[in-house]
2 protein chains.
Amino acid sequence: MKGGKEAERTKPAPALRERAGTARPRMADVARIAGVSTATVSRALRQPELVSPQVRSKIDAAVEHLSYRPNLMAGALASARSKTIGVIIPSMINAFFSVTLEAIEEGLAGAGYQLLIGNSHYELESEERLIASMLAWSPAALVVTGCRHSRGAMRALLDTDVPIVEMWELTDNPIDTAIGFSQRDIGVAVARHFKERGAKRLGFVGAMHQRDYRADARRAGFFETAQSIGYEPPAEVQLPGLPTSVRGAKAFAELMAEHSDVDAVLCTNDVVALGALFEAQRLGWSVPDRLKICGVGDVDFAAACEPRLSTVSLPRRAIGLKIAEVLRERIAGRLPTGGVHDLGFELVRRGST
Amino acid sequence: MKGGKEAERTKPAPALRERAGTARPRMADVARIAGVSTATVSRALRQPELVSPQVRSKIDAAVEHLSYRPNLMAGALASARSKTIGVIIPSMINAFFSVTLEAIEEGLAGAGYQLLIGNSHYELESEERLIASMLAWSPAALVVTGCRHSRGAMRALLDTDVPIVEMWELTDNPIDTAIGFSQRDIGVAVARHFKERGAKRLGFVGAMHQRDYRADARRAGFFETAQSIGYEPPAEVQLPGLPTSVRGAKAFAELMAEHSDVDAVLCTNDVVALGALFEAQRLGWSVPDRLKICGVGDVDFAAACEPRLSTVSLPRRAIGLKIAEVLRERIAGRLPTGGVHDLGFELVRRGST
DNA sequence: TTGAAAGCGCTAACAC
DNA sequence: GTGTTAGCGCTTTCAA
């Protein structure tokens, strides 16, 4: 049945409309049937309290009868704003951002917003392009990941009237609103934790330090603190490419082969940490006695593996809910400007440290 | 700086425009500067080959000079189609769908499409609502997960001219195009595999069997095949709520406590299987000798844990790339109708079976 | 190859 | 509380 319609797809809309009475009803149709003007229909649909009950119910009936659905693009064009929220994340596969996305969606549930999702692949130029094309939709708000942007992106973000939220990071100079936590402090906290647990020599397994500057901030906090509390610079390996467990296992093995004195390793995230944990098991390093391993993120598996993984729990969901909350206020026109919201993180000690 | 602008957000657009020369340039501005009509600018932007090189370069210069960006909503309204692709998935957190999403995005890269993402939470009514609101954006195409839909959703999907792709499942009667694999056959394949490996008594750990009917199809294939090749009905436990490793571990423990003769367990997905694997380790069931465990999905960790997890690898990425390919053709107006694409799956035997 | 003109379907002053 | 009247910024016939 769909196949059959194909030939008509390129015909001009009028032909389609005349062909049958099948065309999508317009607001004018509703207005005619209800015996009112389109302005009244429009009001009834968006600010019902401004319309008298009798008229309202006539309109409702007409809407129902025609199964009328407003054309959102026409509305958006006329009002210069759309019920759309642009969200730019650096990776769709990374479960952290997915949880935040889901929470944003949940927090906005029922308000009729659509999420426009863009993937920057951890590239600032890519982000700039996405920002430009999302702003072309006049979204109700735009959420970007991180506080670092290209010059062009920065200009576009500062120039627009669209509320902007920078998430998953903190800054002293938010464009508008920042909601996240201190990445650097995570490194600090883990270094101190290792000290408390009696570690003698630290190690670090990282990934994408050139592109993922948030991960790099964690690393910096770890290294600087390590040295300030008396450690020599941590031994380090960087994964080639995206962080995966398989690569994490391999990198960890390399690290330990070269620096067998290391007895506490921070991995850039839990996926990598789990790879390291399994590899340690295979290589016979006993965790946590001979070797401590800590991850970042607190993914689901972290609490289930053996030994259970110590890690840093991030406010992935809280970030999304807070964004939704702030956005609701901001879009409604209350709440003049956003500010900075530090949602913190939590070091979760389990069996691996 | 953003904060200061806040007060003006509610002012009428004209005021904003008059206030300064800061307004976003319109196509008419470009036309004026280039000394042509807007019709020509429009053509130059979307079908440059129809415009003479000299005029084209004048227009390009004007566009550049004003940093003009077309208002997508106006274009969408006028042409009754938008460069938007709606995608409805049942869960944002599930890494499977994220990979497919990323692949769709990648496959469409550069073509200037935006993804509108909706989350149905495995609920058909929710899907119906999302379909309606996405169609209100006149997307270039709509991708839904699965082939089962509510009556209303079905009507809406059949009624529209928007190309529809049903993914992650196969059917004899696609609405338009189906791209996926047979969920049922996965259960069949695993049952046979267990037989080959000499298992005597099967078990199953499931989740959300009421809501995730795709998972239920896998289960059905497993149970039916098990019996047809001589097993008694597999012992079964269902997780309460979403499948997580922690719950998987617990459910697995219950299963084995009640049915200690089970020596081969299929888990509804890898996350659950990993929970089971770790729990087996804690409980001292040796894998795979005393007990075989198989998951579904082939997540990253599956190849890294110890023993490595046998599982069913799904064409998560291939589905996305195929969707992008089909959509490009379909939107271009080539390729009359979609059809059904079976991308298959692969049983990956590793250490756990 | 280009331009004129007529909308696309809705919103938002403003007047009644 | 409701209708009138202009657009929103672009696309697309159709004629030149």
Side-chain angles (χ1 to χ4, degrees), chain A residues 10-18 23-32 34-59 63 66 68-83 112 135-138 140 161, chain B residues 9-18 23-32 34-59 63 66 68-83 112 135-138 140:
Chain A
T10 50
K11 281 191 193 168
L16 208 63
R17 173 156 299 159
E18 287 154 19
R24 243 179 102 189
R26 290 155 305 134
M27 190 178 273
D29 300 325
V30 175
R32 194 163 19 75
V36 297
S37 70
T38 60
T40 303
V41 175
S42 178
R43 266 182 223 114
L45 259 32
R46 88 191 37 268
Q47 308 180 77
E49 66 279 9
L50 297 184
V51 174
S52 75
Q54 313 118 55
V55 173
R56 210 190 305 159
S57 69
K58 266 199 268 184
I59 292 176
V63 164
L66 296 173
Y68 168 73
R69 308 238 53 187
N71 179 319
L72 299 182
M73 280 165 331
L77 176 59
S79 66
R81 92 189 90 236
S82 74
K83 281 212 140 194
L135 287 178
W137 284 104
S138 308
D161 279 349
Chain B
R9 186 154 308 144
T10 51
K11 280 191 193 170
L16 209 63
R17 173 155 299 156
E18 287 153 19
R24 244 179 100 188
R26 291 156 304 134
M27 190 179 273
D29 300 326
V30 175
R32 196 165 15 76
V36 296
S37 71
T38 59
T40 303
V41 175
S42 179
R43 266 182 224 114
L45 258 32
R46 85 190 39 269
Q47 309 181 76
E49 66 279 9
L50 297 184
V51 174
S52 73
Q54 311 118 56
V55 173
R56 209 190 307 159
S57 70
K58 266 199 270 184
I59 291 176
V63 165
L66 295 172
Y68 168 72
R69 310 238 50 187
N71 179 320
L72 299 182
M73 280 167 330
L77 176 59
S79 66
R81 94 191 83 237
S82 74
K83 281 212 140 195
L135 287 178
W137 283 105
S138 306

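Chain identifiers are assigned alphabetically (A, B, ...) following the order of the sequence lines, protein sequences preceding nucleic acid strands; residue numbering begins at 1 within each chain.
- Across C:dA12, D:dC8, C:dC10, the shortest atom-to-atom separation from the side chain of A:A74 is found for C:dC10.
- Nearest heavy-atom pair across B:R56 and B:P48 is NE-O, 3.2 Å.
- Distance B:L77 CG to C:dC8 C1': 4 Å, rounded to the nearest Å.
- For the pair A:R26 CZ and C:dC8 P, the computed distance is 7 Å after rounding to whole Å.
- Looking at every heavy atom in both residues, B:M27 comes nearest to B:L45 through CE-CD2, 4.1 Å.
- Nucleotide D:dC10 holds its P atom 17 Å from the CG atom of A:N71, rounded to whole Å.
- Taking the nucleotide of DNA chain C with the nearest heavy atom to each of B:S79 and A:A76, the more 5' of the two is matched to B:S79.
- Two residues are said to be in side-chain contact when any heavy atoms from C-beta on lie closer than 4.5 Å; A:R43 and A:T40 meet this criterion.
- As rounded to whole Å, 12 Å separates atom C1' of C:dC10 from atom CE of B:M73.
- Minimum interatomic distance between A:T38 and A:A31 (heavy atoms only, all atoms of both residues): N-CB, 3.8 Å.
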Might you list the N or O atoms of the protein lying below 3.5 Å from N or O atoms in nucleotides 1-3 of chain C, with each pair's distance?
| unit_1 | atom_1 | unit_2 | atom_2 | d |
| --- | --- | --- | --- | --- |
| C:dT2 | OP1 | B:S52 | OG | 2.7 |
| C:dT2 | OP2 | B:S52 | N | 2.8 |
| C:dG3 | OP2 | B:S37 | N | 3.0 |
| C:dG3 | OP2 | B:S37 | OG | 3.2 |
| C:dG3 | OP2 | B:T40 | OG1 | 2.5 |
| C:dG3 | N7 | B:R43 | NH2 | 3.3 |
| C:dG3 | O6 | B:R43 | NH2 | 2.5 |

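- For A:R69 and C:dC10, the CZ to P distance is 12 Å, given to the nearest whole Å.
- In this structure, the CZ atom of A:R32 is 13 Å from the P atom of C:dG9, given to the nearest Å.
- Atom P of nucleotide D:dT2 and atom CE of A:M27 are separated by 15 Å, given to the nearest angstrom.
- Within the 4.5 Å cutoff, the side chain of A:Q47 has heavy atoms near those of the A:E49 side chain.
- Distance A:D29 CG to C:dG9 C1': 11 Å, rounded to the nearest Å.
- Applying the salt bridge (charged side-chain N to carboxylate O under 4.0 Å, His left out) criterion to A:R69, with sequence neighbours excluded, gives no partner residue.
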